[in-house]
Amino acid sequence: MIGYIDGLFTISTSSFTYEMKVDSFGRLLHLYYGAPIEGDASSLLSLRDRGFSASPYEAGKDRTYSYDYLPLEISTLGEGDFRTPSLIVEREDGTLSSSFIYSGHRIYKGSERIKGLPSVEIADAECLEITLSDSLSSSSLILTYIAKDATLLRGMQIKGGKEKITLRKALYSMDEISSRRDVIWFDGRHCSERNIKRERLDTATLTFSSRRGATSHQMNNSFILASPETTENSGEAFIISLLWSGSFTFFAEKDQYDTARFALGPGSEYFSYSLTEGETLTLPFLILTYSENGLGDLSVKHSRFVRKYIARKRRGGLKDPVLLNNWEATYFDFNGDKLMAIAKEAKSLGCDLFVLDDGWFGHRNDDLSSLGDWSENRDKLGCSLETLSEGIRKNGISFGLWVEPEAISEDSDLYRSHPEWVLKLEGKKPVRGRYELVLDLSNKEVTDYLKAVLSSLIERGKLSYMKWDYNRFITDFHSSVTPSGRIEYDYILGLYSVLEYLEEKYPDLLIEGCSGGGGRFDLGLLYYTPQSWLSDNTDAIERIDIELGSSYIYPVSSFGSHVSAVPNHQTHRTTPLFTRSSVAMIGSYGLELDPEKLSEEEKDLIRREIKEYRKLCPIIKEGDFYRLSHTPELGCAFAVSQDGREGVLIAIRRLSHGNPKDHYVKLKGLDEKGRYSVEGKEYSGSMLMKAGLLLPFTYSEDFEAVRLKVKRLD
Ligand code: DGJ
């Protein structure tokens with residue numbers, strides 16, 4: 001419900017309340033975001049004369065009124081607010097002051113898709129739009145709020161006025177009175193993405209960002225703000241995230257009176273965006289999800305929303321395909337016969353899809369050349385793309401292809417004919433990454449070229465799937481057509497325009513995102529590529545941590561998860577096949593190995609595992625996913641169907657110890673009064689959820705997995 005009385009906006013669902021108020025001087029105050037409440041939270045505002053705090057001129061002799069400490073919904077410079085601003089508008093004369101005043105609002109039902117940006121379509125969502133105008137620059141802001149279940153989406157449009165303005169910073173922000181928060185973030189590196197970190201916010205500013213032109217392995221663009229006492233099982237917390245795949249800035253700041261400011265939005269120091277009359281910058285949506293019942297419940301609520309409205313299922317095409325990808329099987333070293341043999345074997349194991357990874361185009365036999373030349377290497381394949389695809393599909397298996405459309409090799413025909421299509425500064429050699437340069441996706445000529453070349457591949461190869469890789473970050477924010485300060489933003493719009501075009505043209509095509517593993521794992525990209533390769537680290541023991549870390553924010557349905565060979569290519573560790581397979585079941589299951597090198601016994605096990613995955617897939621991908629243990633000893637998760645009738649528990653024990661201790665976990669998402677069978681033994685729901693379950697490890701080897709099916713009996 002969205003209410004408006006005398007300047008007070010109240011947005012509420014059964015899960016949260018969000019309150020703002022237009023003050024007597026037209027500024028928008030942020031009063032409250034948290035558990036559902038009734039009433040006007042401006043009772044929390046404390047107006048006192050606080051020495052050295054500046055007051056707006058309109059307050060006259062009233063020294064008690066100051067934006068130095070009042071909680072704001074928009075924070076700019078020049079208003080007496082000395083905290084870190086979230087929005088900086090530079091005028092033509094270089095001044096940085098702005099003063100956004102309420103000028104109107106509307107309340108309506110049903111959010112619609114925004115072309116060109118990841119968005120949501122929710123027919124029954126309650127929506128609010130507030131307009132604020134800056135009399136100095138004549139620019140205006142349109143703030144949008146869309147509420148659904150436990151989630152609130154915020155939108156912001158900045159409209160240029162008569163005078164040209166340059167946005168030096170454009171983040172969403174929100175202040176919180178009497179704040180006691182831990183900031184939780186997800187950092188990492190290549191092969192070790194989304195490690196959870198937590199720190200108490202004190203009187204300081206914690207800043208997290210990416211200036212890589214992508215969200216990055218190093219820092220995810222989703223954060224959790226939790227009460228200090230919040231645990232996995234209890235306490236309140238909210239997720240703040242951005243439907244965006246480029247550079248970003250987040251900060252959490254606590255001021256002199258314990259009011260906190262949380263700000264998140266696109267862009268880094270490279271960002272500087274000019275607008276003239278008639279021009280609008282539409283920020284990607286900010287997404288907030290709230291829970292009073294611990295981080296486990298928060299992830300479940302957020303995942304339900306993301307699955308339904310963001311990482312949406314394709315309209316047609318393969319449903320939950322089990323795939324085999326040849327990357328770790330062959331790397332660049334293959335020919336057409338080898339691919340046919342792998343694909344045939346993949347089919348015999350039960351796979352639905354064979355994916356041909358890097359090295360099939362131009363003259364690419366290592367990573368030095370050919371990116372941009374998206375036509376098949378007939379010498380290497382021994383045939384055309386059409387013939388290869390037909391040969392593979394004749395075995396009853398679909399065909400998919402790897403591409404890295406945003407990259408270009410200097411040794412490519414594309415570079416030789418269009419050097420101006422690359423992001424680089426005249427007079428400076430561009431920085432290379434994996435010997436690659438980055439195409440200028442802010443240039444429409446480039447995105448038009450990509451749309452045409454990718455369409456041709458999809459049609460010629462009769463592709464059911466495309467793996468969209470991105471293997472380096474942007475260093476040279478310079479274009480032959482776009483002002484430098486816009487590139488961080490316009491590049492991502494260019495990327496989205498190609499993805500949106502393909503999505504509309506090929507509703508049966510599944511595009512899986514990838515960026516050297518999980519370097520661009522974000523809600524923006526998941527809108528177009530509902531699954532994404534989680535990490536280049538396929539070692540089961542390290543991957544379970546990446547899965548558990550990712551699951552705080554992202555639904556398991558979006559995790560690309562594969563069984564690879566041992567010794568593992570990243571860690572050189574040998575783990576049991578059943579363990580590798582159990583870890584790969586947490587997500588979209590696949591194989592990343594040479595099936596011709598498997599023993600008959602291993603092949604039999606994989607066949608059984610694929611059959612089992614098909615049965616468990618609806619629970620894993622459409623059910624609720626709870627982390628039961630995430631410790632150096634034990635990684636354990638429980639996926640349970642939303643009706644609570646069926647579940648699967650996956651537990652991975654790491655190193656063995658002499659005379660080991662036992663492992664117990666408490667299940668979640670069941671009915672305490674229900675009766676359940678766990679692998680044939682009967683238990684009450686209360687027993688499983690309150691007393692717990694003894695995990696039946698044999699303790700006979702390192703890296704042992706236990707997988708248990710839970711079924712409701714009554
Ligand atoms: C990085 C990806 O993450 C890998 O899976 C593989 O596709 C390589 N790129 C190919 O170059």
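The basis for the numbers below is simple: all heavy atoms, side chains too, and nothing from hydrogens, waters or symmetry mates. Heads up: numbering here begins at 1 and tracks the sequence. As the structure lists them, so they are numbered: ligands from 1, and atoms in each ligand from 1. It should be emphasised that the depicted structure is a prediction, and the values quoted were computed from it without experimental measurement.
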List of N/O pairs, ligand 1 versus protein, all under 3.5 Å?
residue	atom	partner	partner atom	Å
ligand 1	3 (O)	Gly517	N	2.9
ligand 1	3 (O)	Asp536	OD1	2.5
ligand 1	3 (O)	Asp536	OD2	3.1
ligand 1	5 (O)	Lys467	NZ	2.8
ligand 1	5 (O)	Trp533	NE1	3.4
ligand 1	5 (O)	Asp536	OD1	3.4
ligand 1	7 (O)	Asp357	OD1	2.7
ligand 1	7 (O)	Asp357	OD2	3.2
ligand 1	7 (O)	Trp402	NE1	3.1
ligand 1	7 (O)	Lys467	NZ	3.0
ligand 1	7 (O)	Asp469	OD2	3.3
ligand 1	9 (N)	Asp469	OD2	2.7
ligand 1	9 (N)	Asn471	ND2	3.4
ligand 1	11 (O)	Asp358	OD2	2.7
ligand 1	11 (O)	Arg434	NH1	3.0
ligand 1	11 (O)	Arg434	NH2	2.9

**Message:** I want to check a possible cation-pi pair here: Arg211 against Tyr270, using under 6.0 Å from ring centre and within 45° of the ring axis as the test.
**Reply:** no
**Item:** Ring geometry between Phe521 and Phe559 (parallel below 30°, tilted from 30 to 60°, perpendicular above 60°)
**Value:** perpendicular
**Request:** Please list, chain by chain and in numerical order, all residues satisfying side chain to side chain donor-acceptor pair (under 3.5 Å) with Tyr489, sequence neighbours excluded.
**Result:** none
**Item:** Sequence neighbours excluded, every pair satisfying ring pair (Phe, Tyr, Trp, His ring centres under 6.0 Å) that has a member inside residues 570-609
**Value:** Tyr589-Tyr613
**Request:** May I have all residue pairs that pass salt bridge (charged side-chain N to carboxylate O under 4.0 Å, His left out) and include part of residues 549-572, sequence neighbours excluded?
**Result:** none
**Residue that, paired with Phe332, satisfies ring pair (Phe, Tyr, Trp, His ring centres under 6.0 Å) out of Trp327, Trp360, Trp402, Phe361** = Trp327
